[in-house]
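Here the structure is laid out as structure tokens; the discussion comes afterwards.
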Number of protein chains: 2
Amino acid sequence: MEELAESNGRRSVRMADVAAHAGVALGTVSHVLNHPEKVSPHTLERVRRSIDELGFVPNSRARALAAGTSSMIAFIVIDLGNSFFLDMARGAELEAQERGLNLVLANCDMNTDKELVYLSLFDAERMAGVLIAPLPSSADDQWRLQEWQSDVVALNVDASGRGCCVTTDDELGGYLAAQHLIEAGCRRLLFTGGPFSLLPIADRYRGAQRAVAEADGVSLELLRTLQTKPADGRKVGDALAARAADARPDGVLAATDLIAFGIIEALGVQGVSVPDDVKVIGYDNNRQAWESTVPISTMAQPGEEMGRHAVRLLVDEIRNPGSHEHEHVRLTPTLIARESTGT
Amino acid sequence: MEELAESNGRRSVRMADVAAHAGVALGTVSHVLNHPEKVSPHTLERVRRSIDELGFVPNSRARALAAGTSSMIAFIVIDLGNSFFLDMARGAELEAQERGLNLVLANCDMNTDKELVYLSLFDAERMAGVLIAPLPSSADDQWRLQEWQSDVVALNVDASGRGCCVTTDDELGGYLAAQHLIEAGCRRLLFTGGPFSLLPIADRYRGAQRAVAEADGVSLELLRTLQTKPADGRKVGDALAARAADARPDGVLAATDLIAFGIIEALGVQGVSVPDDVKVIGYDNNRQAWESTVPISTMAQPGEEMGRHAVRLLVDEIRNPGSHEHEHVRLTPTLIARESTGT
DNA sequence: CTGAAAGCGCTAACAC
DNA sequence: GTGTTAGCGCTTTCAG
């Protein structure tokens, strides 16, 4: 099981070698690396030259062991193929870099078991901290049940009470999306998406319900899908196209852009015009759906901002173990109106 | 610059704590972890219980330091937003896992400077090995100029002479793609893509030239683009649509699927039919282009296989520092015929 | 300002 | 089988 790699042949040069080469004590070399201001210019120069000449690369593992600190943080992502998560990673990386931390990624590839595997790995590796963007299911996340060595902050999932987290307000997003459709003149709305075990989807639906309840003479129908892919959308589109025109919704709220994409495509093929006959709005501002023939209106989630915030929370937790209080940062999605809901 | 994270508050339980708790020596605890067969069932049981009760998580850093080994490898990727590279990561992860190694990812986000930054980081962290899929430009890769502590194998780039690498044969891919077009009846081919500083693109063009040279009465035109995005393709599509029908190529070989996608879209808008008027083939089997209204024929690169191979080479290099010989594995792209070149 | 020495948490001989 | 001990490469007091 735990088949380890053997160290590679060449033995790397150690600090002691540098010290010998420069004719100083080992501690002095350490000082030029960590507290150069406390070393005389002359020694500094000499040691530095030795470092260069020998090609010395400080061993961070040893350093971390001795100093009890590390500059590595890890981000465990449920699906790096989803541009939303990749955006988070970008934001996290930028923020980490600005704070002198290094970010590595782990891809769970939609396999929730891997969340735990990687969490354990990084825990054992004594990362300074770890970020995790799990599958936002309603089931109690396994990883939350454990106490971890490293500080961890969750993204895209409500981990209140157990730790820091940053989410976007999906209920509000659903509300705003529905409102946009209503303002565009739609009266017979349809919400489609699934599975509802995904909290964000359930929340988006609730938001849509609220918007509809607040409006007069607007109805809301629900059509569940099994997944969130274009194929699911195409099925919905076909079903809709098969209906009589007056039995058709005039506004569709798709739980994801990918679904919206499928719907628009299927509708187009069957001669139903978007946005003339039916207006469609998606959710996620997913790059994969950017190239739709009819540009898709959508609710954009601030992925990069989420990543940045998460790192900020993490750093606070790492640096102020005493005073730190867990926080739930809730960001707001933004409406991006494009052609699919235009006039 | 090197602003480190401070260790978090709670001090984790060490092996010594476990030993004390179980009433055995520290070395014994180490044994139950690394050589359980050499420990009496009774002690084993007791130590294991102590480990559980105390929530002991072995410190891999210390372990790596003491043992001189590590099970972590890293994959530095030029662009995780590109599904081709993500496929490599998937393959690498699977292969790594089967060999008891753990894979972490680093995203350069199309920033070549980051390649070096991450390489240095992982070098200092004394990773067991590192994989790198850089920007395949013709410029001499900076990272190749240095001797690294860790073993490194390159993906998607020819690093012969300096280390192991695994690539796909782009020249052959271009050849096969052109041949496919010719067999589909095309006589006036157009190759479009760019910039040519990207080696794969130049190679694909060379392959197309070879196929055309081998065929009778087939011409090949070249239309360079600045980048490899759908927008570049749309420009090409518009230019083509603006031509008189008989001045138009009847077969287009796009250097990437994204370009092909843009071309098909632009052509469609202008009333030029794909594949009836013009056949189009792309390259990469990019998921982002899968949802095109006209499914795009393409040359698929075996990303996952590349990742697996790379890990195999890396492992050999790590385990047999003496006998290991650098190897260049060249994989073959596969034609995927879809509608855009259909009849 | 520089050197010596005591660990950091763990592995791997080597003894008992 | 189990305990003891000497490092792994580095940081960091603490004397000189």
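Proteins get letters first, then strands, A, B, ... in listed order; numbering begins at 1 in each.
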Handout entry: Arg90(B) with Asp87(B): basic N within carboxylate O range, under 4.0 Å
Key = yes

Nearest whole Å is fine: how far is [N] [atom2] from [X] [atom1]?
X: Met15(B); N: dG9(C); atom1: CE; atom2: P; value: 12 Å
X: Glu125(A); N: dG9(C); atom1: CD; atom2: C1'; value: 13 Å
X: Lys38(B); N: dT2(D); atom1: NZ; atom2: C1'; value: 12 Å
X: Leu44(A); N: dC1(C); atom1: CG; atom2: C1'; value: 12 Å
X: Arg63(A); N: dC8(D); atom1: CZ; atom2: C1'; value: 17 Å
X: Leu33(A); N: dT12(D); atom1: CG; atom2: P; value: 11 Å
X: Glu37(B); N: dT2(D); atom1: CD; atom2: P; value: 13 Å

Practice task
Classify the nucleic acid contact of Thr43(B) as base, sugar-phosphate or nothing, counting any heavy atom under 4.0 Å across all strands shown.
Solution key: sugar-phosphate

Practice task
Could you check whether His35(B) gets within reach of a base, just the sugar-phosphate, or nothing at all, counting any heavy atom under 4.0 Å?
Solution key: sugar-phosphate

Nearest to the [X] side chain among [options], which nucleotide is it?
X: Asn34(A); options: dC8(D), dT11(D), dT11(C); answer: dT11(D)
X: Leu65(B); options: dC1(C), dC10(D), dG9(C); answer: dG9(C)
X: Asn59(B); options: dC10(C), dC10(D), dT2(D); answer: dC10(C)
X: Ala67(A); options: dT12(D), dG9(C), dC10(D); answer: dT12(D)

Exercise for the section: Taking Asn82(B) for its side chain and Phe84(B) for its backbone only, find out whether a donor-acceptor pair lies under 3.5 Å. Expected result: yes

Practice task
State whether the side chain of Trp148(B) and the backbone N or O of Trp143(B) hold a donor-acceptor pair below 3.5 Å, judged by distance alone.
Solution key: yes

Exercise for the section: Evaluate the ring planes of His324(A) and His326(A), with Trp represented by its six-membered ring, and classify them as parallel (under 30°), tilted (30 to 60°) or perpendicular (over 60°). Expected result: perpendicular

Exercise for the section: Applying ring pair (Phe, Tyr, Trp, His ring centres under 6.0 Å), name anything that partners His35(B), two or more places apart in sequence or on another chain. Expected result: His31(B)

Exercise for the section: Would you check, one step at a time, whether the test side chain to side chain contact (heavy atoms under 4.5 Å, CB included) holds for Asn59(A) with Gln149(B)? Expected result: CA-CA 10 Å; Asn59(A) 182 329; Gln149(B) 308 281 321; over 6 Å; no

Practice task
Tell me whether the OP1 or OP2 atom of dT2(D) has a side-chain N or O from Ser40(B) closer than 4.0 Å.
Solution key: yes

Exercise for the section: Scan residues 22-32 of chain B against DNA chain C and write down, sorted by residue number, each residue with any heavy atom closer than 4.0 Å; if none is found, say none. Expected result: Leu26(B), Gly27(B), Ser30(B)

Problem - Residue met sooner reading DNA chain D from 5', once Pro41(B) and Ala66(A) are mapped to nucleotides - result: Pro41(B)

Problem - Pair Arg61(B)-Glu125(B), salt bridge (Lys or Arg N to Asp or Glu O under 4.0 Å): steps then yes or no - result: CA-CA 10 Å; Arg61(B) 293 176 171 295; Glu125(B) 287 288 339; 3.7 Å; yes

